[in-house]
Amino acid sequence: MERKIVLSTTTEYALRAIVCLASSPEEPKTGQQLAKLTKVPAGYLAKVLKQLNRAGLIRSQRGLHGGSVLTRSPKKITMLDVVDAIEPIRRIEHCPLDLKSHIKLCPLHRRLDDAIALIEKAFGTTTIDELLTEKTASTPLCESAKTATVTVRGR
């Protein structure tokens with residue numbers, strides 16, 4: 001049985017991009033470099049980067065030596081910051097069925113909202129730096145920016 005993901009593809013791509021930028025925060029990365037490292041289609045990633053820029057999580061500069069960088073330390077950016085920039089988590093505040101007898105959330109919707117609250121808390125207390133410094137054998141959400149070879153046309 002296939003299970004559906006909790007986050008949208010766009011949000012997953014945004015997390016990949018932020019983690020990749022955080023892996024070498026002083027070094028700007030072009031959209032093409034990020035696309036290759038994160039395995040996200042370049043056209044799609046360009047739209048994601050615009051949203052991250054609008055949210056103030058990254059700063060992008062065009063031209064020679066251009067690219068995107070984080071606007072603050074990976075220790076100061078949470079997963080929730082990234083999720084909220086793309087598609088904020090929606091809590092269940094009232095009965096989605098608009099039943100008059102459901103003044104408070106029914107047991108079903110209360111438990112669903114409790115689960116959403118746990119996810120929101122986990123994302124809000126997990127920094128991007130923690131994802132990068134956790135001791136595992138794999139690099140989270142993207143190819144290692146330090147070991148991958150990126151070829152950019154015309155350079």
Side-chain angles (χ1 to χ4, degrees), residues 2-96 105 109 111-134 136 138-155:
E2 186 176 324
R3 298 199 186 259
K4 297 201 179 223
I5 59 170
V6 174
L7 299 174
S8 70
T9 300
T10 305
T11 302
E12 159 100 15
Y13 287 174
L15 285 163
R16 288 187 201 181
I18 291 290
V19 168
C20 195
L21 289 170
S23 68
S24 53
E26 323 75 38
E27 192 179 308
K29 290 188 182 52
T30 66
Q32 289 297 321
Q33 289 170 319
L34 281 170
K36 182 169 177 118
L37 292 167
T38 61
K39 302 197 182 317
V40 175
Y44 198 146
L45 184 62
K47 294 175 185 178
V48 171
L49 293 175
K50 282 182 186 175
Q51 287 180 275
L52 293 172
N53 197 332
R54 267 189 246 122
L57 293 174
I58 67 169
R59 181 179 66 248
S60 299
Q61 180 178 321
R62 291 180 172 219
L64 190 60
H65 308 294
S68 297
V69 294
L70 298 178
T71 57
R72 57 188 196 255
S73 164
K75 291 179 181 180
K76 304 253 186 223
I77 301 173
T78 66
M79 288 180 66
L80 187 60
D81 293 330
V82 180
V83 170
D84 282 345
I86 304 300
E87 191 174 3
I89 294 173
R90 292 187 349 221
R91 298 288 301 273
I92 303 172
E93 296 173 5
H94 63 313
C95 177
L105 292 180
H109 291 110
R111 282 185 176 82
L112 288 172
D113 187 62
D114 288 348
I116 294 166
L118 290 172
I119 292 169
E120 188 174 52
K121 181 179 179 186
F123 288 173
T125 58
T126 303
T127 67
I128 301 304
D129 184 66
E130 289 172 324
L131 297 176
L132 290 168
T133 57
E134 187 174 309
T136 64
S138 61
T139 302
L141 303 175
C142 67
E143 288 263 346
S144 172
K146 293 175 179 137
T147 59
T149 305
V150 179
T151 305
V152 180
R153 285 188 188 162
R155 294 193 188 160

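All values below come from the heavy atoms of this structure, side chains included, with hydrogens, waters and symmetry mates left out.
With rounding to the nearest 0.5 angstrom, the CD1 atom of I58 is 4.5 Å from the CG atom of L49. Rounded to the nearest 0.5 Å, atoms CG (L15) and CZ (F123) are 7.5 Å apart. Here the CG-CG distance, from L45 to L52, works out to 8.5 Å after rounding to the nearest 0.5 Å. Atom-to-atom distance recorded for K36:NZ and K29:NZ is 14.5 Å, nearest 0.5 angstrom. Between the CG atom in L57 and the OG1 atom in T71 there is a gap of 6.0 Å [rounded to 0.5 Å]. S68 OG to I18 CD1: the interatomic distance, rounded to the nearest 0.5 Å, is 9.0 Å.
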Per-pair distances, 0.1 Å, donor-acceptor, side chain in residues 113-120, under 3.5 Å, sequence neighbours excluded:
residue, atom, partner, partner atom, Å
D113, OD1, R91, NE, 2.8
D113, OD1, I92, N, 2.9
D113, OD2, R91, NH2, 2.8
E120, OE1, R91, NH1, 3.1

Could you give the side-chain donor-acceptor pairs of residues 81-88 under 3.5 Å, partners two or more places apart or in another chain?
residue, atom, partner, partner atom, Å
D81, OD1, T78, OG1, 3.4
D81, OD2, R72, NH2, 3.1
D81, OD2, T78, N, 2.9
D81, OD2, T78, OG1, 3.3
E87, OE1, S8, OG, 2.7

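No side-chain donor-acceptor contact under 3.5 Å links T126 to the backbone of M79.
For the pair Q33/C20, no side-chain contact is recorded, criterion being any heavy-atom separation below 4.5 Å from C-beta on. Counting heavy atoms from C-beta on, the side chains of V48 and V40 never come closer than 4.5 Å.
Residues forming a side chain to side chain donor-acceptor pair (under 3.5 Å) with T10 (at least two apart in sequence, or on another chain): Y44. Take D129 and apply the salt bridge (charged side-chain N to carboxylate O under 4.0 Å, His left out) test, not counting sequence neighbours, and it matches no residue. Here R59 pairs with nothing under the salt bridge (charged side-chain N to carboxylate O under 4.0 Å, His left out) rule; sequence neighbours left out. Taking A22 as the reference, L70, P74, I128, L132 meet the side chain to side chain contact (heavy atoms under 4.5 Å, CB included) condition, with sequence neighbours excluded.
Contact detail for T127 and E130: the closest heavy-atom pair is N-OE1, 2.7 Å.
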